Student: 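Below: one structure in structure tokens.
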Amino acid sequence: MAETTSPMIERTVPRLLMCAPTFFEVSYVINPWMTDHVHDTTSERARRQWDALRDTVSRHADVALQPPAEGLPDMSFTANAGLVFGNAFVPSRFRYAERQGEEAHDRDWFARHGFDIVDLPEGMFFEGAGDALFDRGVARRLWMGHGHRSDAEAAPELARLLDIEVLPVKLSDPRFYHLDTCFCPLANGYLLYFPGAFDPPALALIETHVPPGLRIPVRERDALDFACNAVNLGRVVILNRASGALRERLEAAGFMVVEVALDEFIKSGGAAKCLTLRLDEIPGA
Ligand code: ARG
């Protein structure tokens, strides 16, 4: 497995950060998925599923590993560490105390790996790449989800700090509490998303900015299977599960669907995309 080199080096192979589920469990409830699953996960099964995801991702990308920490069961969801843009890392400010202990570990990892730490002003919540996803069609355009975890006030701050366009979208369904549970920009400007998770102005904003031919709306069944929580590497789309109809739609758009079962993590409200964080978000790409 490749370990970390400078993030400044231009690479053609994507780089992602993952964190082993050594201490993963559901020991508290901070989203509706966790409600019925406290102490209902097994570490062997979680490890097997996470290994399968890491192996699959490693076929298409370099994977860097962040050491897990005891007492921080959600640390495997590296998407929430913060937002990466070029050499900048904007650390998350978690809404719930249960995850705030991750912040020091994340700052430390990114500082030690050569990133510039760029802080949001105090007093606003922001949960990193869980709620902030770069458009794959338009450079320097970031979609930011708010309404559950991140504060809308973080949007203009991110725009200012990173000199980017930020389009805030309000999430309305508590099951889809992070943007990456219901929205996934794909290569060539495609967008995989669950329209039912957004409030009407957010949907209008999406429809204004993404042409109909590039929108891939999913049905609720696929959304509940975390199909939008996908890792897109070139033409490969790695996800927990896709219906036949969704698979056909993605294939018609030129993508290849790879399923990796992640039900143990869905008990905590996360799947493929949440378990990874892109380390090579190149400005202008
Ligand atoms: N249990 C975690 C939480 O509620 C799951 C996080 C999933 N991450 C994500 N990017 N959607 O915070």
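Please read these numbers as outputs of a predicted model, since none were measured by experiment.
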Student: Contact between Leu275 and Thr78 at the side-chain level, heavy atoms closer than 4.5 Å - yes or no?
Tutor: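 The answer is no; the side chains never approach within 4.5 Å.
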Student: Compute whether any side-chain donor of one residue and acceptor of the other, for Asn229 and Thr181, lie under 3.5 angstrom apart.
Tutor: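 No, no side-chain donor-acceptor contact under 3.5 Å.
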Student: Between Leu262 and Phe226, is there a side-chain heavy-atom distance shorter than 4.5 Å?
Tutor: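 No - every pair of side-chain heavy atoms lies 4.5 Å or more apart.
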Student: Identify the two heavy atoms, one from Ser76 and one from Cys19, that lie closest to each other, and give their separation to 0.1 Å.
Tutor: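 Closest pair (atom of Ser76, atom of Cys19, distance): OG-O, 3.0 Å.
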Student: Quick one: salt bridge (charged side-chain N to carboxylate O under 4.0 Å, His left out) pairs with a partner in residues 225-238, sequence neighbours left out?
Tutor: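 Checked against salt bridge (charged side-chain N to carboxylate O under 4.0 Å, His left out) - neighbours excluded - the pairs reaching residues 225-238 are Arg221-Asp225, Asp225-Arg241.
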Student: By the salt bridge (charged side-chain N to carboxylate O under 4.0 Å, His left out) test, which pairs, at least two apart or in different chains, include something from residues 23-36?
Tutor: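 Non-adjacent pairs meeting salt bridge (charged side-chain N to carboxylate O under 4.0 Å, His left out): zero.
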Student: Any carboxylate oxygen within less than 4.0 angstrom of a Lys/Arg side-chain nitrogen, looking at Arg141 and Glu165?
Tutor: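 Salt bridge flag = yes for Glu165 with Arg141.
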Student: Using a cut-off of 6.0 Å, state whether more than 12 heavy atoms not belonging to Arg95 lie near its atom CZ.
Tutor: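 Correct, the count exceeds 12.
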Student: Going by distance alone, is a donor N or O of one side chain under 3.5 Å from an acceptor N or O of the other, for Asp199 and Ser172?
Tutor: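 Per modelled atom types, Asp199 and Ser172 side chains form no pair under 3.5 Å.
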Student: Please say which of Asp131, Leu161, Val90, Leu133 ends up in a side-chain contact (heavy atoms from CB on, under 4.5 Å) with Leu83.
Tutor: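 It is Val90, the one option of Asp131, Leu161, Val90, Leu133 that forms the side-chain contact (heavy atoms from CB on, under 4.5 Å) with Leu83.
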Student: If we ignore hydrogens and angles and just use 3.5 Å, is the side chain of Arg15 paired with the main-chain N or O of Ala61 as donor and acceptor?
Tutor: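 Answer holds: no.
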Student: Between Phe24 and Phe265, how do the two ring planes meet: parallel, tilted or perpendicular, split at 30° and 60°?
Tutor: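 Taking Phe265 first and then Phe24, their aromatic rings sit tilted (interplane angle of 30° to 60°).
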Student: Output all residues satisfying salt bridge (Lys or Arg N to Asp or Glu O under 4.0 Å) with Asp51, sequence neighbours left out; order by chain, then residue number.
Tutor: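 Listed in chain order: Arg47, Arg54.
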Student: Using a strict cut-off of less than 4.0 Å between a Lys/Arg side-chain nitrogen and an Asp/Glu carboxylate oxygen, indicate whether Glu157 and Arg160 qualify as a salt bridge.
Tutor: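 Looking at Arg160 together with Glu157, the answer is yes, because their closest N to O distance falls below 4.0 Å.
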Student: Is there a path of hydrophobic side-chain contacts, each under 4.5 Å between heavy atoms of I/L/V/M/F/W/Y residues, joining Phe77 to Ile266?
Tutor: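 No, it is not one cluster - the side chains of Ile266 and Phe77 are not joined through contacts under 4.5 Å.
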Student: Name the residue from Leu250, Ile216, Val237, Asn232 that meets the side-chain contact (heavy atoms from CB on, under 4.5 Å) definition with Tyr190.
Tutor: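 The single option meeting the side-chain contact (heavy atoms from CB on, under 4.5 Å) with Tyr190 is Ile216.
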Student: Does any N or O in the side chain of Thr56 come within less than 3.5 Å of the main-chain N or O of Ala52, such that one atom is a donor and the other an acceptor?
Tutor: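 Checked: pair present.
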Student: Can you list, by chain and residue number, the hydrophobic cluster partners of Phe125 when the side-chain cut-off is 4.5 Å?
Tutor: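 Besides Phe125, the cluster holds no residue at all.
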Student: Within the distance-only criterion (no hydrogens, no angle test), does the side chain of Lys267 pair as donor or acceptor with the backbone N or O of Met34 below 3.5 angstrom?
Tutor: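 No, the answer is negative, given that no donor and acceptor are paired below the 3.5 Å cut-off.
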Student: Quick one: are Phe115 and Val84 in side-chain contact, heavy atoms under 4.5 Å?
Tutor: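 Contact flag for Phe115/Val84 side chains = yes.
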Student: Assert yes or no for the condition that the ring centre distance of Phe176 to Phe183 is strictly below 6.0 Å.
Tutor: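 Between Phe183 and Phe176, which both carry aromatic rings, the centre distance is not below 6.0 Å.
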Student: Examine the side chains of His105 and Gln66 and answer whether a donor and an acceptor come within less than 3.5 Å of each other.
Tutor: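 Per modelled atom types, His105 and Gln66 side chains form no pair under 3.5 Å.
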Student: Report yes or no: do Gln49 and Asp263 form a side-chain donor-acceptor pair below 3.5 Å?
Tutor: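 There is such a pair between these side chains.
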Student: Does the side chain of Met18 reach to within under 4.5 Å of the side chain of Leu277, using non-hydrogen atoms?
Tutor: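 Met18 vs Leu277: side chains apart.
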Student: Before accepting this row, confirm whether a basic side-chain N of the pair Glu259/Arg247 lies closer than 4.0 Å to the acidic partner's carboxylate O.
Tutor: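 Salt bridge between Glu259 and Arg247, a charged N being under 4.0 Å from a carboxylate O: yes.
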Student: Just jot down the salt bridge (Lys or Arg N to Asp or Glu O under 4.0 Å) partners of Glu153, sequence neighbours excluded, or say none.
Tutor: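 Testing Glu153 for salt bridge (Lys or Arg N to Asp or Glu O under 4.0 Å), a comparison that skips the adjacent residues, returns none.
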Student: State plainly whether the residues Arg99 and Asp106 are in salt-bridge range, i.e. N to O under 4.0 Å.
Tutor: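 No salt bridge links Arg99 with Asp106.
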Student: Report yes if some heavy atom in the side chain of Asp151 is under 4.5 Å from a heavy atom in the side chain of Met124; otherwise report no.
Tutor: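 In contact.
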Student: Tell me the salt bridge (charged side-chain N to carboxylate O under 4.0 Å, His left out) pairs involving residues 174-188, sequence neighbours left out?
Tutor: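 Salt bridge (charged side-chain N to carboxylate O under 4.0 Å, His left out) check on residues 174-188 returns Asp173-Arg175, Arg175-Glu220, Asp180-Lys273.
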Student: Can Tyr28 and Asp74 be counted as having a side-chain donor-acceptor contact under 3.5 angstrom?
Tutor: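 There is such a pair (donor and acceptor under 3.5 Å, judged by atom type) between the side chains of Tyr28 and Asp74.
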Student: Could you walk me through whether Ser27 and His39 pass the side chain to side chain contact (heavy atoms under 4.5 Å, CB included) test, one step at a time?
Tutor: CA-CA 6 Å; Ser27 55; His39 305 309; 4.2 Å; yes
